[in-house]
Every structure is written in structure tokens, then in C-alpha cells.
Amino acid sequence: MSERLVSVALPVALDRGFTYAVPASWPSVPEPGARVLVPFANRGLVGVVRAAQPERLNGARIKLLEEVLDPPGAPSLTPELARLCEWVADYYVAPVGEVYRLALPGLLTGHDVRRVMLSEAGAQALAAAREVVLQPVDDAGLPTAAEQRVLAALAAAPRGELAVERLIDLRPRIPGVLRLIGDLAAKELCTISWDEAGGEGARVEAHYRRTDYLRGAATAEETLREHIGRSKQRRALLDLLEGAGSWVPAGELRGPFPGYKKLLEPLLAAGLVAVEERLRALDPFAAETLEPSLPQTPTADQAAALATLRGDLEAGKFAASLLHGVTGSGKTEVYLQLIADARARGGGAIVLVPEIALTPQLSDRFRARFGETVAVLHSGLTPRQRLDAWQQIRMGARPIVIGARSAVFAPVPDLKVIVVDEEHDASFKQEEGVRYSARDVALVRARDASAVAVLGSATPALETYESARSGKIRWLRMTTRPTTRPLPEVELISLATHRPDPETLLTGRMRTALVETVAAGEQAIVFLNRRGFATTLICDRCGALHHCPDCSAPAMTYHLGRNRLMCHWCGFIEAPPERCVECGEGELLHGNAGTERVELALAKDVPGARVLRLDRDTSRGKGLLETLAQFRRREADILVGTQMLSKGHDFPGVTLVGILQGDHGLGLPDIRASERTFQLLTQVAGRAGRGDRPGRVLIQAYGIKNPAIAFAAEHDFEAFAAWELDKRRELHNPPFGHLALVRISGPDQVAVQRRAEELAAVIRAAAEEVRRKHAEEPGSAEAPPPVQLLGPKASLIERVNRRVRWQMLIRASSRPPLRWLLRQLRPRLGDAGSGEFKTMANVDVDPQSLI
DNA sequence: AGCACGCCGACT
DNA sequence: GTCGGCGTGCTC
Ligand SMILES: [Zn+2]
Ligand SMILES: [Zn+2]
């Protein structure tokens, strides 16, 4: 029989899989997605069997798999997810190990999981060796001095056992411990086992519930008292359980009733209380019982969309749809009812929402409808909580998953629905490490799982919109809103003609509107762009802006609250210097923070207005939720804030929304600047209005004629899209062209530039090959070259964190040549050179921003 | 990413 | 003399 080989993804930052042999004694080859323990550079690492052919290597000796950590037939990652990881690694040019790590909770992968235990023979050998020191004899076969140190460390540990990582951490260090452990194990002087974090499966906990026995009956009190006895504590405990109405985990009783077990005994015996081992509650929020919510009667639009989506679900084939519904058209109810349908068919669902929209209100909405079948994956989970959630999802106990970007990898079995809400949101693109787009990964996953994908938005990404328009995906429109309230009336105010106050950008028109609103007893929100209002320190002698020592960005941001300067690019924080660093003489002056300036001006100019401010300084910790709650309770009239207010929070009392500089983002040299501006304005404008009264929106801008602004004011997405798509088509930008941005960085400018040129040569050669093949096809003479290279050139901010950054853009007319070219480029990426001249190169496929 | 191995300064 | 600082090279 030929050697059975598997490729294993390991949590190391190396761009390849590792080939291992399956021991001959194993009856079968572990399946893709199964976790395996493998020897790797003297360590014992947990990896995942890849859904890919093992590469045959020349020379390097192939090691044996040590152990399969998952039960047969139940790999940690379903084969479907393993395939998805392979696709992501290939498409986004990312190391497989890193991709598989995205799909597993941190505790299931990573570090060395082995434990070493002193064996009987080891203890004897150690004792014998110690004898020898006193009475030298022939020491053949005795452990070496280094080995003795390891054995001694084990002997000193409780139960003669230590985690390998503790042995590594031991001070003073034992040189070559890992090799020594291997040697000792081979001589059977120690035995090796491993921690299977989560290997035991999902954790359970005792839960208690008040039964119906003797509940509420008027005659019961007498009998009840007999069972309870005279203990006030026992009575309180019973009351608590009765009030909870459902299963209460033991963990929640331990606090208020330290002796809860004893207290419960007679109650359990009498049948007043039932006990059951149930899955641990995922987090404190999840335990709260909510008023169950019933499906609402759909509007005509909702019903039509649902009918189509249910048809797709019934067909059991992959189908993708854009659910294009104006703000307030009730997209969430469509998701809820579609998911209910998927559940009725025994399937599961994933709902992806922008990070900022993953609020308790949103998860409550799903929990109220689907109860304990929902898992919410939010960023606040501890590693252990994340593992609990992951295991419960994997075993099918929580078939509905709500989460941000990374939830696209949730191991939901029998996935039937994937929803990407606010699909245009930039947070779905991971901007570090594996630079994947959760929206696009969701589509690929849905296709592979034959699931229904729904992309919801009022202002879809132009890629999505074009796919819908051209019929690549279905286009479901919802134009009516359940409320009778008309869309807000938007007024544009030109900053060019209205002469704003230079400090605050407030125009007379904006002030008047705010005065009117407050006088009418209503609330207003004023938005400003954080970056446009960033405070800087300027020298009163030479006029220089204080800038970061490690970056070439023009200025650092001054945070008044903590009296600190911060660099937006590298995160460097420093105290303001006494004197100007440039001339050494001038004093550094600053204004108030943007939000603060506006807050002060409004408090002065709007009579009787109570003004709240929300920015980085006031939103730290609990500040954000506290301020929002205050405003919602109508304890203030005006809320001044940055874009963090633009979604996820409802303000029912707001009738006026003011935007200080609507076209701020348009100045950036970025292909998506117009799109982002339009989306932001539309989103922000949607905040105005109450009950059935329309709100008012005031947008101040320098260029009010710009279509991104003008069409937003008219709530006309399609006109905006038509205009923007024309521009994109002309420039061969997405969705009509496909981009990959190559970034090169390193400490030395010359080395970075040279590396960039080298890579550019590789890309040009590959592009030329693509062009030659393309030219052979008939009718292609006039077409533009299928792949173009723009650059290399220095990035907009050339120096960040003492590293020089260069970039170049690959633009292709279609996907296949781009993917072919990236595969050619792949082996030349990563680190090169050493020391001072070390450079790093990577690719961002489908970049969001070209800066 | 770790970690071994190797080569130089500041401690017992 | 050893400890440990990081520079460099390797991991199936
Ligand atoms: Zn100066
Ligand atoms: Zn900086």
C-alpha cells in the first residue's frame, strides 16, 4: 500500500500547508476539517486536515500524524467549511494556516497542547542519577545532565506533570527542552498527553426550574409551607425560580444563595423544582427571558420578497438576492420570516451585520422570535465563551447565528440561509491579515451549501447593484414603508455662499433651524466628520504643524480631554512638547476639539438648548451607551457627534438632522469616495422623522451640485448609481474591472522601492503573457489589455511607523486572468531580505480603499 | 509565528 | 566563567 498523505493547515504564518503521513495502523485517513495533533519543529501543534491535495515534497522527511482530536464523522470544521477556507486562501492570496485559524475558535488551535508526565522509570532514573553524583559509577544509560533537569522539574510539579509550555517558560531556561522531551519520551522516562480544550464537547451545567406542582393554587400554601419549612432563604430561592419562569443555571443561584444545593434538596424531593443538565447559557444577556415576538403581517412588498425567497428555499438550490429596501421598509422582518422557514425545514441560518449594528436591541429582536436557538457572536466574548458558542453552534443546538464579519465562518450545520444586512458596509472587509470580504465569502459559502443568500441594503454597494441590474443575482425591491411618514425633506446649504463660522462650520441657516426645533420641544442631531474637525497643534512662530516622528502624515491629532497627541496612522501617543519641535522657539497652540467647539457654540447660540456631545473622548467605556440613553430619555435637545451615530441606534424624538460638511469625504483620492459619501448622507438623513411627521435634514457642503450630494438630497439611489456606474465603466473600475493592490513596506526606502520594481517586473511579464493569449482570440485587437499595472509608487502617506510604504495596483477586465496572475505572483510575496533591508509584500484583493 | 543556534556585553 | 540580548534560518 502506498503511503497515505494529508495536507495540514498549521497556525503558523507560513504560506503553505504541511504534508504528513497517516500511521499505517490507522484504519482510515482523517477527513478534511478534522483537527490533528502533529509534531512540528519539536513542538506538538494542533492543525486542521485541509480540503486539498498534499504536495509531494522532494527531500524533506515526512512525519507521522500524532493523533486525531475529533471523533470520527464529526470533524471540527465541516468539509464544507474546509473547502471554504481553501477558497479564501486561494482567492485572497492568504496563508492557509491563517485562514483555517479564522474558522476555529482560538482555544481549539494555536499553542503547544502537550503535557508531560514523569513515568515510573523516569522517577527511578532520576533517583539513580542522583546516587551517581555521590558515588560515581559507570553512568551508561543514565539521563544526561540536561535530561535530569527536565525530570527534576517534573518531579517537583504536582502529580509529576507539567504542560510543555510551562517547561518552556521555566527559569532558568533549559536549553533545547523540546528536543529533550522527545528524547525522554522515546526512552519512556516520561509520557506525553494533551489538553483537549473543548475536546470533551460543549459544557453543560445544572439548571433548575419551578415545576407546576402546587403552583398558584389557593389551597396549596399549607402544603407548600411544609416542604419549605421555616427557611426564609429557601422561600426566597423558590420565589426566584418561580419568577424566572424558565431554567435557571446553577451559576446564577450560587451568588445570592451560597448554600443553594442544600436549600434545593427538599424542593427537588417534593417535585416543586426540577433539575436538568443543560447547555451552558452563552452570556448573561442570553439568559434574560424576553417577551416572545410573533411574525408580523407582511406588507405587500415584504410578502412579495418573501414569496420569492421561500421559493428559492424550497428549490433547495443556491440563489442570491439583493433585498433593496428603503430605510424602514422592514427588511429585518423579511429575514426573520425567511429564517423561520429555514428552521421549519430543519436548516440553520447566519445573519451578518456591521460591527457597529450588533447591538443588544438587534440580538433581542432575534432572540424574541427564536429564543434559545440563537447564538450571538460579538466582540466582547471571552475565549471560553466564544468556544462555548462555537461548540453549541457546531452541534446544532444554536442553528441561528448573528454576528459581524467573522461569523461568516460559523460552523452552522445544514446552512440554508445567509443574510448580509447593510451589505454595503465597509466593516465586512477585513483590513488586516486575511483581507477577506465577508459579503463575498458569504456568497461563495451559500453557493457551496446550496443555501439562499440575501444581501440587504437601502444603498447597495455598486458591485451588488450592478449584479442585480444585470441579472446575475435577483433584485427584490421594497419601496413602500410601513409608516405613513414621508421621507425627510432635505435642504442643501452651500458653504461657499453661506459663509459659515470658520471655527464650527455652522451657518446662520443651520442655527435658525436648530433654534426652531428646540423651541418646538423637539430633538436634533448634528453630525460632523471626525477627520475634518481633528484638532492639531500649530506653532505660533513658524506655523509648523506638530507631526508624528515615525510617520509622514502632516499632523497629529490633539485630544483635549487627556492632553495627549495621537497619530492616526501608527497610534503613537505623546504629551504635547513645550516648544515647537521644528523651530525650537514657538509655542504650540490648539483650538477646542471639533465636537467641543460645536457643542459650545450651540449651547451659546440656541436659547435654552441642552447639548450633549459624543466623540472619542466622551464615548470611552460606558460613556457611549450612557450618553445615548440620556438623549433618548430626552434629557438633552441637541446631540453633537461623529459618524458613530450614523447607524444602529434609534432616536425616536429627532426631527432635525444637520450635517456640517457633507462633502468632506469627496476630497479623498479614492475610487469609492462618492459611494461612501452618498451612503453616509442617506443613512444619516434616515435618522430624521418621528411618528408620521416627516423630519428635516440640512446638509451643508461646499459643492452642493456634486451628484453624490444632490442625489442623496433627493433620496434617489438609482440616479446616483447610474451616474457613478458611468464613471466606473469609463475608468474600468469595479464593478467593471477587478482590482488587486500590492503593498510593499520596510524600513529602508531604497530596498522597498527595489522590491516594488522587482515585483512589478514579475507582474508585467505575467500581464504580457495574458495579453498574448488574449490577442489570439478573435475580435480582441481593439480591446484594452486584459491586465494593467498602475505604479509602483509611494503610498499616500509614504512613511508610517518608521516603515516606508509603496504600492501598485493591478487592474483586470475579468477575474480569471487576475486570479491566474496572482497565483504566479504568490510565491514572490511575503518577507524578503534581512535586517535593515528586509521588506514585506502582500496583496489586497478587491481593496476597499486605495490609500 | 516560535524556537534553536550562535555570537557578543554585564553579571555571579 | 554563565546568562541572556537579538540576528538568522528552519519548520512537513
Ligand atoms: Zn515653530
Ligand atoms: Zn505615526
Side-chain angles (χ1 to χ4, degrees), chain A residues 2-24 26 29-30 32 34-68 86 89 94-104 106-114 116 144-147 149-150 153 163-184 194 383 432-434 745-748 751 802 827 829-842:
Chain A
S2 71
E3 218 176 357
R4 298 176 300 174
L5 301 175
V6 289
S7 180
V8 175
L10 289 173
V12 290
L14 290 169
D15 189 15
R16 64 197 126 129
F18 293 88
T19 303
Y20 285 86
V22 180
W26 292 12
V29 175
R35 288 182 308 132
V36 286
L37 180 65
V38 297
F40 184 79
N42 283 328
R43 290 184 290 160
L45 294 183
V46 177
V48 181
V49 176
R50 294 178 56 199
Q53 285 309 308
E55 46 275 46
R56 248 291 173 200
L57 348 96
N58 37 344
R61 77 180 193 292
I62 297 176
K63 293 186 181 171
L64 290 173
L65 294 175
E66 186 90 40
E67 182 76 42
V68 187
E86 295 296 331
V96 267
E98 270 188 67
V99 178
Y100 275 84
R101 184 150 48 166
L102 284 176
L104 283 171
L107 288 181
L108 287 188
T109 174
H111 54 121
D112 196 324
V113 290
R114 292 174 302 167
V116 193
T144 64
E147 286 172 341
R149 289 187 63 193
V150 177
V164 166
E165 291 190 324
R166 298 288 79 72
L167 276 168
I168 292 170
D169 293 344
L170 226 54
R171 290 301 111 100
R173 217 181 228 115
I174 304 174
V177 239
L178 292 172
R179 193 168 23 77
L180 293 170
I181 292 168
D183 295 348
L184 289 170
W194 38 87
E432 58 189 33
V434 182
S745 67
D748 183 74
R802 297 184 188 205
L829 297 169
D831 291 339
S834 64
E836 184 83 340
F837 306 109
K838 188 166 162 157
T839 58
M840 166 74 185
N842 55 37

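First the proteins, then the strands, lettered A, B, ... as listed; each starts at 1. Predicted model only: the values in this text are computed from it and were never measured.
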- In whole angstrom, what separates A:Leu10's CG from B:dG2's P? 12 Å
- Query: Who are the side-chain contact (heavy atoms from CB on, under 4.5 Å) partners of A:Arg802, not counting sequence neighbours?
  - Reply: A:Asp550
- Query: Where do A:Ala34 and A:Val68 come nearest, in terms of heavy atoms and distance?
  - Reply: CB-CG1, 4.2 Å
Listing, residues 43-55 of chain A side-chain donor-acceptor contacts under 3.5 Å, not counting sequence neighbours, or none:
{"from": "A:Arg50", "atom 1": "NE", "to": "A:Glu86", "atom 2": "OE2", "distance (Å)": "2.8"}
{"from": "A:Arg50", "atom 1": "NH1", "to": "A:Ser7", "atom 2": "OG", "distance (Å)": "3.2"}
{"from": "A:Arg50", "atom 1": "NH2", "to": "A:Glu86", "atom 2": "OE1", "distance (Å)": "2.7"}

- Go through DNA chain C in 5' to 3' direction and return only the first and the last nucleotide with some atom under 4.0 Å of chain A's heavy atoms. C:dT8 to C:dC12
- Message: Categorize A:Gly835 for me: base, sugar-phosphate, or nothing, with a 4.0 angstrom heavy-atom threshold over every strand shown.
- Response: sugar-phosphate
- Are any non-hydrogen side-chain atoms of A:Val38 and A:Glu66 less than 4.5 angstrom apart? no
- Task: Give the minimum heavy-atom separation between A:Glu3 and A:Ala21, together with the two atoms involved.
- Result: OE2-CB, 3.7 Å
- Mind checking A:Leu5 for me? I need base, sugar-phosphate or nothing, with any heavy atom below 4.0 Å counting as a touch. nothing
- Query: With a 4.0 Å cut-off on heavy atoms, is A:Pro39 in touch with a base, just the backbone sugar-phosphate, or nothing at all?
  - Reply: sugar-phosphate
- Task: Starting at atom CZ of A:Phe40, determine the distance to atom P of B:dA4, rounded to an integer number of angstrom.
- Result: 13 Å
- For the atom pair CZ (A:Arg114) and CG (A:Leu167), what is the distance rounded to the nearest 0.5 Å? 10.0 Å
- Note on the structure: Here the distance between atom C1' of B:dC3 and atom CZ of A:Arg43, to the nearest Å, is 7 Å
- Query: Given side chains that start at C-beta, do those of A:Pro175 and A:Arg149 come closer than 4.5 Å, heavy atoms only?
  - Reply: yes
- Query: Going from CG on A:Leu5 to CD1 on A:Ile62, what distance comes out if it is rounded to the nearest 0.5 angstrom?
  - Reply: 5.0 Å
- Protein heavy-atom contacts under 4.0 Å, written 5' to 3' over nucleotides 5-12 of chain B as B (base), S (sugar-phosphate only) or - (none), form the string S-------
- How many angstroms lie between CD in A:Glu147 and CG in A:Leu184, if you round to the nearest 0.5 Å? 4.5 Å
- Item | DNA chain B: 5'-proximal contact among A:Asn42 and A:Ala13 (nearest heavy atom) | A:Ala13
- Task: List in chain and number order the residues that pass side-chain contact (heavy atoms from CB on, under 4.5 Å) with A:Lys63, two or more places apart in sequence or in another chain; answer none if no residue qualifies.
- Result: A:Tyr20, A:Pro39, A:Arg61
- Item | Nucleic acid contacts - residues 44-54 of chain A versus DNA chain C, non-hydrogen atoms under 4.0 Å | none
- Message: Regarding A:Tyr20, tell me which of base, sugar-phosphate or nothing describes its non-hydrogen contacts under 4.0 Å with the strands shown.
- Response: sugar-phosphate
- Measure the distance from CD on A:Glu98 to P on B:dG2 and round it to the nearest whole Å. 12 Å
- Query: Considering all heavy atoms of both residues, which atom of A:Leu14 and which atom of A:Pro95 are nearest to each other, and what is their separation?
  - Reply: O-CB, 3.7 Å
